[in-house]
Amino acid sequence: MNLIIMGAPGAGKGTQAQIITDKLGIPAISTGDILRGAIKEGTELGRAARSYMDRGELVPDDIVIGMVKQYLSSERCKNGFLLDGFPRSIEQAESLARLGVKIDAVLAIEVDDEKIVERMSGRRVCPGCGASYHLKYNPPKTPGRCDRCSAELYARSDDNPETVRTRLATYHRQTEPVKKYYAGQGLLITVDGNQAIEEISKIILDALSRLGSKNDTDKK
Ligand code: ADP
Ligand code: AMP
């Protein structure tokens, strides 16, 4: 399956992406994780992206689209993928379509803005595998260490309340219209993200399983 997961910053995209891709055996491609990796390695891509990310704005399309194109053409995506954090604008959605990539479903996690700042201030992420934890809602088994790879967790610099507000505004202005774009193609599956992590995963996996059965029937 070729999937996209959408939602405001902190809606729980990365958390759900990990659960879904573990279950379906497909890779999760997070543009935010790739960009943070590039910054850490000090590459040209990272240097070009950094100031936009620090301000909570979108990194220019030419940088991000080229990056996604390269990942999607790799061998590991040949049996499907889940895109997390892309597309984030109508222009990006249109370029994805121009690449000839067929999307099976777009999952949109809806969370009230008031909840987002609390989620971000308690978020801790793994620099190794990108896993996302929360001090209160999803703590790691050993405080400060990733359950999956034992790396030391850190708080993202763009998770401070001021940058979070800019990121939310960027989301409402540039990314939310993408939901309508995919709804028009009959691909949008909306999920209430104000529930517990396990509840949300169950709803998503049930919806994807129904979609898989429907696609199999349609093929016959
Ligand atoms: P995104 O990838 O959309 O930015 P994350 O998956 O990193 O969001 O989640 C943001 C923060 O909220 C993390 O600290 C995560 O542990 C926490 N979180 C994710 N889903 C839920 C949920 N359903 N309820 C409470 N906290 C959640
Ligand atoms: P995320 O990890 O998804 O919260 O993304 C962190 C930051 O990376 C965003 O605030 C943007 O600055 C940048 N970013 C991630 N994905 C994209 C994208 N598809 N288009 C533009 N900028 C992006």
Side-chain angles (χ1 to χ4, degrees), residues 4-21 28-39 45-46 48-69 71-72 82-96 107-112 114-127 129-140 146-147 153-160 163-171 173-175 178 191-204:
I4 292 172
I5 192 159
M6 291 188 61
K13 301 181 293 295
T15 303
Q16 295 301 329
Q18 192 175 70
I19 299 171
I20 299 163
T21 54
I29 300 164
S30 155
T31 43
D33 281 353
I34 298 169
L35 291 166
R36 277 185 291 281
I39 291 176
L45 177 78
R50 180 168 211 151
S51 61
Y52 297 95
M53 294 174 76
D54 286 346
R55 288 196 300 269
E57 294 169 8
L58 294 190
V59 172
D61 284 351
D62 54 336
I63 299 179
V64 181
I65 293 164
M67 199 173 89
V68 169
K69 189 175 168 188
Y71 269 80
L72 292 186
L82 185 152
L83 277 171
D84 165 4
F86 183 95
R88 253 177 157 100
S89 65
I90 294 286
E91 291 74 16
Q92 293 183 5
E94 287 174 346
S95 353
L96 188 62
L107 307 161
I109 307 183
E110 308 282 355
V111 175
D112 303 333
E114 305 82 72
K115 280 215 170 121
I116 295 292
V117 174
E118 190 201 2
R119 284 202 185 177
M120 304 300 234
S121 59
R123 169 155 70 180
R124 297 293 181 269
V125 292
C126 174
C129 67
S132 184
Y133 297 88
H134 192 280
L135 294 176
K136 184 166 151 196
Y137 300 119
N138 185 24
C146 178
D147 292 350
L153 304 178
Y154 74 104
R156 276 171 52 175
S157 58
D158 60 349
D159 277 351
N160 67 80
T163 312
V164 168
R165 273 190 285 277
T166 309
R167 289 163 66 198
L168 268 175
T170 303
Y171 170 75
R173 192 176 62 250
Q174 289 176 271
T175 310
V178 179
V191 186
D192 177 5
N194 298 293
Q195 326 174 57
I197 292 172
E198 303 71 34
E199 290 296 320
I200 301 169
S201 313
K202 188 176 175 310
I203 292 169
I204 293 176

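Start at 1 and go down the list; that is how both ligands and their atoms are numbered.
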His134/Arg124 under side chain to side chain contact (heavy atoms under 4.5 Å, CB included): CA gap, chis, key distance, verdict: CA-CA 6 Å; His134 192 280; Arg124 297 293 181 269; over 6 Å; no
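- Using a 4.0 Å cut-off to heavy atoms of Ile200, the atoms of ligand 1 that qualify are 23 (N).
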Side chain to side chain donor-acceptor pair (under 3.5 Å) between Thr166 and Glu57, worked out: CA-CA 7 Å; Thr166 309; Glu57 294 169 8; over 6 Å; no
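- Close contacts between ligand 2 and Val64 involve ligand atoms 18 (C), 19 (N), 20 (N), 21 (C) [criterion: under 4.0 Å to a heavy atom].
- Applying the 4.0 Å criterion to heavy atoms of Tyr137 picks out, from ligand 1, the atoms 25 (C), 26 (N).
- The distance criterion of under 3.5 Å between nitrogen or oxygen atoms is not met by Ala196 with respect to ligand 1.
- In terms of protein heavy-atom proximity, atom 12 (O) of ligand 1 is closest to Arg119 CD, 3.4 Å.
- Looking from atom 10 (O) of ligand 2 to the surrounding protein, the closest heavy atom is Arg167 NE, 4.0 Å.
- Geometrically, ligand 1 and Pro9 share no nitrogen or oxygen pair separated by less than 3.5 Å.
- Atom CZ of Arg50 has 12 or fewer heavy atoms from other residues, nucleotides or ligands within 6.0 Å.
- Counting the atoms of ligand 2 from 1 in the order shown, those under 4.0 Å from a heavy atom of Gln92 are 18 (C), 19 (N), 20 (N), 21 (C).
- A donor-acceptor pair is defined here as one N or O able to donate and one able to accept, closer than 3.5 Å; no such pair exists between the side chain of Glu199 and the backbone of Gln195.
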From CA spacing to verdict: side chain to side chain contact (heavy atoms under 4.5 Å, CB included), Asn138, Ile197: CA-CA 8 Å; Asn138 185 24; Ile197 292 172; 3.8 Å; yes
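- Nearest non-hydrogen protein atom to atom 6 (O) of ligand 1 is Thr15 OG1, 2.6 Å.
- Atoms of ligand 2 found under 4.0 Å from any heavy atom of Gly85, numbered from 1 in the order shown, are 16 (N), 17 (C), 18 (C), 19 (N).
- Using a 4.5 Å cut-off on side-chain heavy atoms (C-beta onward), Ile204 and Ile19 make no contact.
- A heavy-atom separation below 4.0 Å is found between Gln195 and ligand 1.
- Residue nearest to atom 1 (P) of ligand 2, selected from Lys13, Arg88, Met53: Arg88 (by heavy-atom distance).
- Looking only at side-chain heavy atoms (C-beta outward), Ile20 and Ser201 stay at 4.5 Å or farther from each other.
- Between Ser132 and ligand 1, at least one N/O pair is under 3.5 Å apart.
- Of the listed residues (Gln18, Arg156, His134), the one carrying the non-hydrogen atom nearest atom 17 (C) of ligand 1 is His134.
- Using a 4.0 Å cutoff on heavy atoms, Ala8 counts as a contact of ligand 1.
- In this structure the side chain of Leu96 never reaches within 4.5 angstrom of the side chain of Gln92, judged on heavy atoms.
- Residue Tyr133 approaches ligand 1 through these ligand atoms, each under 4.0 Å from one of its heavy atoms: 13 (C), 14 (O), 16 (O).
- Listed by number with element, the atoms of ligand 1 under 4.0 Å from a non-hydrogen atom of Gly10 are 1 (P), 3 (O), 4 (O), 8 (O), 10 (C).
- The contact set between ligand 2 and Glu57, taken as ligand atoms under 4.0 Å from a residue heavy atom, comprises 11 (C), 12 (O).
- In this comparison of Val68, Leu35, Thr31, the heavy atom closest to atom 14 (N) of ligand 2 sits on Leu35.
- Listed for the Lys13 side chain is a donor-acceptor partner under 3.5 Å among the backbone atoms of Gly7.
- In this structure a side-chain-to-backbone donor-acceptor pair under 3.5 Å is missing from Thr163 to Asp158.
- Under the 4.5 Å side-chain criterion, counting only non-hydrogen atoms from C-beta, Gln16 is not in contact with Leu107.
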Test log, rule salt bridge (charged side-chain N to carboxylate O under 4.0 Å, His left out), inputs Lys115 and Asp112: CA-CA 6 Å; Lys115 280 215 170 121; Asp112 303 333; 5.0 Å; no
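- Residue-ligand proximity, Gly14 to ligand 1, at heavy-atom distances under 4.0 Å covers atoms 1 (P), 2 (O), 6 (O).
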Pair Arg167-Asp159, side chain to side chain contact (heavy atoms under 4.5 Å, CB included): steps then yes or no: CA-CA 9 Å; Arg167 289 163 66 198; Asp159 277 351; 3.0 Å; yes
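- Between the side chains of Asp54 and Ser51, no donor N or O sits under 3.5 Å from an acceptor N or O.
- Closest to atom 6 (C) of ligand 2 among all protein heavy atoms lies Arg156 NH2, 3.5 Å.
- Near Arg36, meaning under 4.0 Å from any of its heavy atoms, are these atoms of ligand 2: 2 (O), 6 (C).
- At under 3.5 Å, a nitrogen or oxygen of Gly12, whether backbone or side chain, sits near a nitrogen or oxygen of ligand 1.
- Nearest to atom 22 (N) of ligand 2 among the protein's heavy atoms is Val59 N, 3.0 Å.
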